[in-house]
Amino acid sequence: MTKSELIESLSRRQAQLAYKDVELAVKTILEHMANTLSAGERIEIRGFGSFSLHYRPPRVGRNPKSGDPVSLPAKYVPHFKPGKQLRERVDQFRQEQDDARQSESQAS
Amino acid sequence: MALTKAEMAERLYEELGLNKREAKEIVEMFFEEIRAALESGNQVKLSGFGNFDLRDKNQRPGRNPKTGEEIPISARRVVTFRPGQKLKARVEAYAGSIEQ
């Protein structure tokens, strides 16, 4: 699913809102989230997951072409930890698919 | 203070003029749509922000960290998030700002 598919699906379910409004709402939510992380703050969505920053210490890397050492500064990278409901729903569906496949192969 | 759904809805109310109920619903549905797509086995790509991918993990040996007892970790499907270039660049800029 892409961002535009997400917007289309939301606007079908929120028929009283104009497509443009839903599009702007999705962009505003994502911008709010990106701004929060780039200010060094966390995002916590119960049942979905949390976003935080992980520290990466400075290291010496190499220029892949010349092989010369390059010192790379410390940085932060975004990290997502799925919440309990998301973890369970994603894995539940996989288990059901497995079970269905097994009973199909037994039936044939 | 972490960002929550309530603050996201508040922003939609303030900036877009949605009413409070609509704002709350759209934030709730935004996350539910992503969960539902992942639940049915579909990757979610939000350009400029990042991708939510699915990985199928095989069973592997594990251990109870308290008792040291060996227990297999069952096969499972997990969600991973790969931040996009734009988000990574913005977050790296934050690291620059704290190094005096």
Side-chain angles (χ1 to χ4, degrees), chain A residues 1-7 9-10 13-14 16-17 21-22 24-53 55-56 73-83 85-87 89-95 97-98, chain B residues 1-5 7-9 11-12 15-18 22-23 25-27 29-50 52 54 56-57 74-84 86-99:
Chain A
M1 180 173 73
T2 61
K3 198 194 307 183
S4 46
E5 287 165 347
L6 170 63
I7 294 165
S9 177
L10 288 177
R13 292 175 57 194
Q14 283 283 27
Q16 83 286 4
L17 288 178
D21 287 337
V22 176
L24 197 53
V26 166
K27 291 186 173 165
T28 304
I29 292 170
L30 287 171
E31 185 57 25
H32 199 176
M33 291 171 73
N35 268 333
T36 299
L37 288 173
S38 43
E41 283 163 39
R42 295 167 52 83
I43 304 169
E44 284 173 13
I45 311 297
R46 184 163 300 237
F48 184 80
S50 60
F51 295 85
S52 59
L53 299 187
Y55 178 71
R56 294 282 177 267
K75 64 173 182 180
Y76 282 87
V77 292
H79 178 78
F80 174 66
K81 184 172 187 288
Q85 193 202 357
L86 179 60
R87 283 202 310 270
R89 282 174 59 178
V90 161
D91 194 48
Q92 181 68 30
F93 189 80
R94 180 197 62 84
Q95 282 176 18
Q97 279 181 318
D98 273 6
Chain B
M1 250 294 283
L3 175 63
T4 61
K5 285 189 293 188
E7 282 170 76
M8 294 181 192
R11 168 100 25 129
L12 297 183
E15 287 190 5
L16 271 61
L18 300 187
E22 285 169 341
E25 269 177 20
I26 208 124
V27 170
M29 282 166 55
F30 171 85
F31 291 105
E32 179 52 27
E33 284 286 331
I34 299 173
R35 267 194 303 251
L38 293 168
E39 179 180 18
S40 55
N42 295 309
Q43 177 199 37
V44 177
K45 301 199 283 186
L46 304 174
S47 74
F49 189 77
F52 295 92
L54 294 164
D56 287 323
K57 305 264 197 177
S74 59
R76 61 191 62 190
R77 176 174 286 173
V78 297
V79 177
T80 60
F81 174 67
R82 285 181 56 87
K86 211 171 133 192
L87 181 63
K88 278 203 273 191
R90 286 174 70 177
V91 163
E92 267 179 55
Y94 164 73
S97 70
I98 56 162
E99 287 170 340

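What you see is a predicted model; the values in this text were computed from it and never measured. Here is the naming used below: chain letters follow the sequence lines, and residue numbers restart at 1 for every chain.
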Can you tell which part of B:Leu12 gets under 4.5 Å to a heavy atom of chain A, answering side chain, backbone, both or neither?
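Only the side chain of B:Leu12 comes within 4.5 Å of chain A.
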Proximity breakdown for B:Leu16 and chain A, heavy-atom pairs closer than 4.5 Å
side chain
Side chain to side chain donor-acceptor pair (under 3.5 Å) assessment of B:Thr80 paired with B:Arg82:
CA-CA 7 Å; B:Thr80 60; B:Arg82 285 181 56 87; over 6 Å; no
Contacting region of A:Pro82 [heavy-atom separation from chain B under 4.5 Å]
side chain
Heavy-atom proximity to chain B below 4.5 Å, by part of A:Gln16
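Only the side chain of A:Gln16 comes within 4.5 Å of chain B.
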Taking side chain as everything from C-beta outward and backbone as N, CA, C, O, which of these in B:Phe30 sits under 4.5 Å from a heavy atom of chain A? Side chain, backbone, both or neither.
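Answer is both: backbone and side chain atoms of B:Phe30 are under 4.5 Å from chain A.
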Checking A:Arg13 against chain B: side chain, backbone, both or neither under 4.5 Å from a heavy atom?
both
Heavy-atom distances under 4.5 Å only: say whether B:Arg76 touches chain A with side chain, backbone, both or neither.
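Contact with chain A involves both backbone and side-chain atoms of B:Arg76.
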Does any backbone or side-chain atom of B:Ala23 lie under 4.5 Å from a heavy atom of chain A? Answer side chain, backbone, both or neither.
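When you check distances to chain A, no heavy atom of B:Ala23 falls under 4.5 Å.
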Proximal component of B:Leu54, with respect to chain A [non-hydrogen, under 4.5 Å]
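Side chain only.
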Under 4.5 Å from any heavy atom of chain A - which part of B:Gln43:
backbone
Under 4.5 Å heavy-atom distance to chain B, tell me which part of A:Leu17 shows up: side chain, backbone, both or neither.
side chain
